[in-house]
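Note on naming: letters A, B, ... go to the chains in the order of the sequence lines (proteins, then strands), and numbering restarts at 1 for each one.
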2 protein chains.
Amino acid sequence: MMELTRKGEYAIRGIVHLARLPHGNVALLSEIAEAAELPQTFLAKIFQNFAKLGFVNSYRGTGGGFSLARPAAAITLRQVVEAVEGPIAPNRCVTELGCERSATCRVHTVWRRVQEQVVGILDGVTIEELAREED
Amino acid sequence: MMELTRKGEYAIRGIVHLARLPHGNVALLSEIAEAAELPQTFLAKIFQNFAKLGFVNSYRGTGGGFSLARPAAAITLRQVVEAVEGPIAPNRCVTELGCERSATCRVHTVWRRVQEQVVGILDGVTIEELAREED
DNA sequence: ACCTTTAGGATCATTTTTATCCTTTTTAGT
DNA sequence: ACTAAAAAGGATAAAAATGATCCTAAAGGT
């Protein structure tokens, strides 16, 4: 239950790989995919989206590739996860839609708490922390 | 992301409904399904499983149905959720299998924390609490 | 021009989710 | 015994999500 999909895993592995490179360094998609052991075509989609969201810069043509668009310390795990998986919500009940049976639904408040806890944890972790090599 | 499926929702609504009845009361599947607004055939599967797990007693034949097998205060939300959705694990990394890349994987510890928090919350909520009418 | 590399769109296979149906078994009541 | 009621169990199926792959276009460097 409540599992991150491959897409989410790939996204994290991909951006963490980028964050491990010297700042501003441009890496090829093929290089990232190989290093992080994931399908390049799938990662392409993820990174295209990251580019739109301003997490990474993309450069076409010879010498092109991707680089981090902001300091790794300024990108949270939550941002990355939500970018690919959508808002963190343990069930429909706690999305922006709200809960039509919230009057009777006590479970509602439980999911709300779960959501807050998870969001809180993921907000507190940056890509920079994840990218650090052994202490 | 991290959403409970319909099955999980139905399971909770179904067992909470049972818990609202006077203790030991036997309810028909059809009655529960109607009251909780969910497909009876689907709920049947869920409750068959609940019977095996000892959450409910089932009785066949005329006058049959389902009743809670133990006090609602002795059934946690976590137990119900895990019964239908499987172990709570934000990703593969934190299942009993372990993480083959855990050496390099710092994200691992984050998922572990998430898992602990969620499990902690769901462990702390009983069906009895959820079944209480307005305070 | 030509090659490299990402962008974007379409497509597709697999798996999971969300059921439904049918037959069998059990039980109660007559 | 017979019958009706109700859950058990198994098979099946439609729909949606997931996990990719492929192809053409656009952009950039040499």
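By the side-chain hydrogen bond (donor to acceptor under 3.5 Å, both in side chains) test, T5(B) pairs with E85(B), sequence neighbours left out. Scored by the side chain to side chain contact (heavy atoms under 4.5 Å, CB included) test, E31(A) finds H17(A), L21(A), A27(A), L28(A) as partners (sequence neighbours excluded). With sequence neighbours excluded, no residue forms a side-chain hydrogen bond (donor to acceptor under 3.5 Å, both in side chains) with Q117(A).
Rounded to whole Å, atom C1' of dA7(D) lies 10 Å from atom CG of L28(B).
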Summary of protein contacts for nucleotides 13-22 of chain D, nucleotide by nucleotide, where a base hit scores B, a sugar-phosphate-only hit scores S (4.0 Å, heavy atoms):
-----SSSB-
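If you take CG on L43(B) and CD on E34(B), they are separated by 12.5 Å, rounding to the nearest 0.5 Å. With rounding to the nearest 0.5 Å, the separation of CH2 in W111(A) from CD in E116(A) is 14.0 Å.
Residues I32(A) and V26(A) fall into different hydrophobic clusters, defined by Ile, Leu, Val, Met, Phe, Trp and Tyr side chains chained together at heavy-atom separations under 4.5 Å.
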Side-chain polar contacts of residues 68-82 of chain A - donor-acceptor pairs under 3.5 angstrom, sequence neighbours left out - could you list them?
residue : atom : partner : partner atom : Å
R70(A)  : NH1  : A74(A)  : O            : 2.7
T76(A)  : OG1  : Q79(A)  : N            : 3.0
R78(A)  : NE   : E82(A)  : OE1          : 3.4
R78(A)  : NH1  : D123(A) : OD2          : 2.9
Q79(A)  : OE1  : T76(A)  : N            : 3.0
E82(A)  : OE2  : I88(A)  : N            : 3.0

For residues 48-62 of chain A, which side-chain N or O atoms pair as donor and acceptor with protein atoms under 3.5 Å away, sequence neighbours left out?
none

Write down the protein N/O and nucleotide N/O pairs, taken from nucleotides 24-29 of chain D, whose separation is under 3.5 Å; answer none if there are no such pairs.
residue : atom : partner : partner atom : Å
dA26(D) : N3   : R60(A)  : NH1          : 3.3
dA27(D) : O4'  : R60(A)  : NH1          : 2.7
dG28(D) : O4'  : R60(A)  : O            : 3.4
dG28(D) : N2   : T62(A)  : OG1          : 3.4

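You can see that DNA chain C meets the heavy atoms of chain B within a 4.0 Å-exclusive cut from dT18(C) to dA28(C), reading 5' to 3'.
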Using the salt bridge (Lys or Arg N to Asp or Glu O under 4.0 Å) rule, take R132(B) and E128(B) through it: C-alpha gap first, then chi angles, then the decisive distance, then the call.
CA-CA 6 Å; R132(B) 269 183 222 151; E128(B) 188 273 329; 3.0 Å; yes
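Here the closest non-hydrogen pair linking R20(B) and A131(B) is NE-O, 2.9 Å.
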